[in-house]
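Below, chains carry the letters A, B, ... as their sequence lines are ordered, and counting in each starts from 1.
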Number of protein chains: 2
Amino acid sequence: MPSDGKSGAQGVDPEQLWLRPAEPRRGRRPSFSREAIIAAAVELADAEGLDAVTMRRVAAEVGAGVMSLYSYAPDKETLLNLMVDHVSGELTVTDPPSGDWRADLKTVAHLQRAHMLRHPWLPAALSTHRVPGPNTLAFLEHALAVLRPTGLDGASKLEIFAQITAFVAGYVTHEIAQAAASRAPDRAAAERRYLAAVAADGRHPELAEALSAPGRPLTPDSTFARFLSRLIDGLDTG
Amino acid sequence: MPSDGKSGAQGVDPEQLWLRPAEPRRGRRPSFSREAIIAAAVELADAEGLDAVTMRRVAAEVGAGVMSLYSYAPDKETLLNLMVDHVSGELTVTDPPSGDWRADLKTVAHLQRAHMLRHPWLPAALSTHRVPGPNTLAFLEHALAVLRPTGLDGASKLEIFAQITAFVAGYVTHEIAQAAASRAPDRAAAERRYLAAVAADGRHPELAEALSAPGRPLTPDSTFARFLSRLIDGLDTG
DNA sequence: TGAAATTCTCGTACGATGTACGAGAATAGA
DNA sequence: TCTATTCTCGTACATCGTACGAGAATTTCA
């Protein structure tokens with residue numbers, strides 16, 4: 001499924017990427033498949049993070065030469081887009097909207113959060129690679145259906161979906177950083193010591209008090225639900 | 001202001017970074033300054049984006065050899081942290097909290113948005129480099145003072161500030177992407193054509209309708225204010 | 001049945017990046 | 001003046017994305 005797809009500007013051309021028919025019935029048959037390459041890249045990212053996804057490592061994983069990858073994706077940025085849409089295939093929604101659009105929208109966001117926690121590289125990849133593929137569009141279609149009862153116009157519905165997604169990505173990014181910090185106790189302790197030192201300098205009384213009276217520790221689940229409710233319950237139709 | 005600062009784990013050690021006294025009164029005197037290096041890096045990022053900030057280019061800008069930079073910052077990640085805190089110096093707040101903490105918190109968020117629009121690389125840098133320096137902590141101190149009337153505990157106040165910051169960063173990221181798209185008309189047109197093609201395939205009726213009935217175009221300013229209000233007005237003290 | 005056209009494979013090579021190393025220059029205290 | 005300390009920076013290396021082009025596989029056409 002190769003092609004040269006000349007593109008004048010920078011970035012990824014969605015038409016070249018997603019609307020390409022599978023025509024070539026001549027010439028040497030492909031030894032690999034786009035699917036296998038994407039799957040290998042996703043596996044790498046899941047296991048070792050986005051930085052581990054190099055063309056060389058992906059090629060080694062599928063047993064191909066490095067440059068063979070370029071027959072299946074014109075460049076790495078495209079490969080990242082393909083990865084994002086690939087995992088978005090897990091976001092399949094079976095239930096039709098219930099009619100309670102706020103509840104449905106919260107379900108959408110919870111699905112997204114679980115999805116991003118399963119693929120921790122997603123928030124970072126999403127922030128730079130935003131060419132929606134078929135799986136992403138299927139999920140968008142569902143979100144728009146959920147928002148139908150609001151009677152809002154198209155631009156508003158799209159904006160709400162984009163903002164919810166951005167919110168979830170931001171939240172999960174933060175959540176993952178916290179979790180990583182607690183898995184590196186040395187670093188977390190160093191940060192606590194640093195903040196304590198700052199709080200003790202007398203010029204940060206509010207910080208000092210906040211650190212000395214922390215209150216009950218917050219769980220990511222309930223905090224997420226709380227912020228999400230605030231955001232969604234505040235949405236008004238019209 | 002150099003040092004070797006051995007750090008066992010990965011990442012940046014906040015104590016080594018921000019709590020270092022200026023002791024060395026022996027040996028060759030520095031030819032440059034941390035300030036000048038950071039300023040040059042920020043200038044580069046403002047003008048050409050984060051990718052333009054390479055050690056070589058920063059060094060050239062300051063008139064130093066590449067490796068001289070490493071006397072002022074142990075590695076590039078540290079330099080990015082320094083850049084973030086450097087520009088956060090612009091976030092100085094003079095007015096004390098008014099007592100209307102919701103209004104004050106909205107002002108905080110609007111300050112952050114203006115700040116990030118002035119330094120479009122900030123959201124990306126923030127998502128990976130989160131070791132708060134003195135300027136960041138000063139702003140945090142102000143935010144905590146703003147939240148005092150809520151009577152919330154420390155962890156909740158810190159969480160609210162983190163979430164507001166994440167929300168603003170997410171919003172501005174999106175806003176910048178939109179603006180960049182409208183500055184690359186070819187790409188925007190290609191994306192529109194692509195979405196129109198998808199909408200015409202019959203399997204995306206909601207998307208088709210959303211695109212055909214877009215409604216009044218949304219301005220970033222008012223959309224931001226609207227989402228922010230939803231988020232903040234929904235916060236309850238208790 | 002060739003010959004030509006097409007398509008995929010992948011070794012080699014190039015420019016860019018972050019930074020380790022260590023020799024040399026400058027400064028301070030003895 | 002000697003020695004310890006601190007900063008400067010040329011060289012070198014591993015790693016990255018990917019351009020190039022020769023060779024292998026397969027189809028189409030004469």
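Put simply, CZ on B:Arg34 is 16 Å from P on D:dT6, counting in whole angstrom units. The interatomic distance linking A:Tyr72 (OH) with C:dC10 (C1') rounds to 12 Å, in whole Å. Spacing between atom CG of A:Leu69 and atom C1' of D:dC20 amounts to 17 Å, rounded to whole angstrom units. Remark: C1' of C:dG18 and CG of B:Asp51 are 14 Å apart, rounded to the nearest angstrom. The interatomic distance linking A:Arg57 (CZ) with D:dG17 (P) rounds to 12 Å, in whole Å. D:dC16 atom P lies 14 Å from atom CG of A:Leu79, rounded to whole Å. A:Leu80 places its CG atom 14 Å from the P atom of D:dC16, with the value rounded to the nearest Å. Rounded to whole Å, atom C1' of C:dA16 lies 15 Å from atom CE of B:Met55.
Taking the side chain of A:Arg56 as heavy atoms from C-beta on, and the options D:dT18, D:dT5, C:dC21, the nearest nucleotide is D:dT18. Side chain of A:Met67, nearest nucleotide from C:dT19, C:dC10, D:dT28: C:dC10. In this structure, the nucleotide among D:dG17, C:dG18, D:dC9 sitting nearest to the side chain of A:Lys76 is D:dG17. Counting only heavy atoms from C-beta on, B:Val66 has its side chain closest to C:dT19 among D:dT27, C:dT19, C:dT12. Among C:dT9, D:dT27, D:dT8, the nucleotide with an atom closest to any side-chain atom of B:Phe32 is D:dT8. Ranking C:dT19, D:dC16, C:dT9 by closeness to the A:Thr54 side chain, first place goes to D:dC16. Distance from the side chain of B:Ala64 is smallest for D:dC9 among the nucleotides C:dT27, D:dC9, D:dT18.
Map B:Gly27 and A:Gly63 each onto its nearest nucleotide of DNA chain C; the residue landing nearer the 5' end is A:Gly63.
Side-chain nitrogen and oxygen atoms of B:Arg28 include none within less than 4.0 Å of the OP1 or OP2 phosphate oxygen of C:dA25. Applying the 4.0 Å criterion to OP1 and OP2 of C:dT9, one finds that A:Tyr70 has every side-chain N and O outside that range.
Nucleic acid contact class of A:Ser31 (heavy atoms, under 4.0 Å, all strands): sugar-phosphate only. Nucleic acid contact for A:Gly65: sugar-phosphate only, since backbone atoms but no base atoms lie under 4.0 Å from a heavy atom of the residue. Here A:Ala59 lies out of heavy-atom contact (under 4.0 Å) with every strand.
For the residue pair B:Thr78/B:Asn81, the side-chain donor-acceptor check at 3.5 Å is not satisfied.
Applying the 6.0 Å contact sphere to CZ of A:Arg203 captures no more than 12 heavy atoms from other residues, nucleotides or ligands.
The aromatic rings of B:Tyr171 and B:Phe167 are tilted relative to each other, their planes meeting at an angle between 30° and 60°.
Looking at B:Arg113, its side chain never comes within 3.5 Å of a backbone N or O of B:Phe224 through a donor-acceptor pair.
The pair A:Arg193-B:Asp13 does not meet the salt-bridge criterion, since no charged nitrogen lies less than 4.0 angstrom from a carboxylate oxygen.
Contact of the B:Met83 side chain with the B:Val53 side chain is registered, since non-hydrogen atoms from C-beta on lie closer than 4.5 Å.
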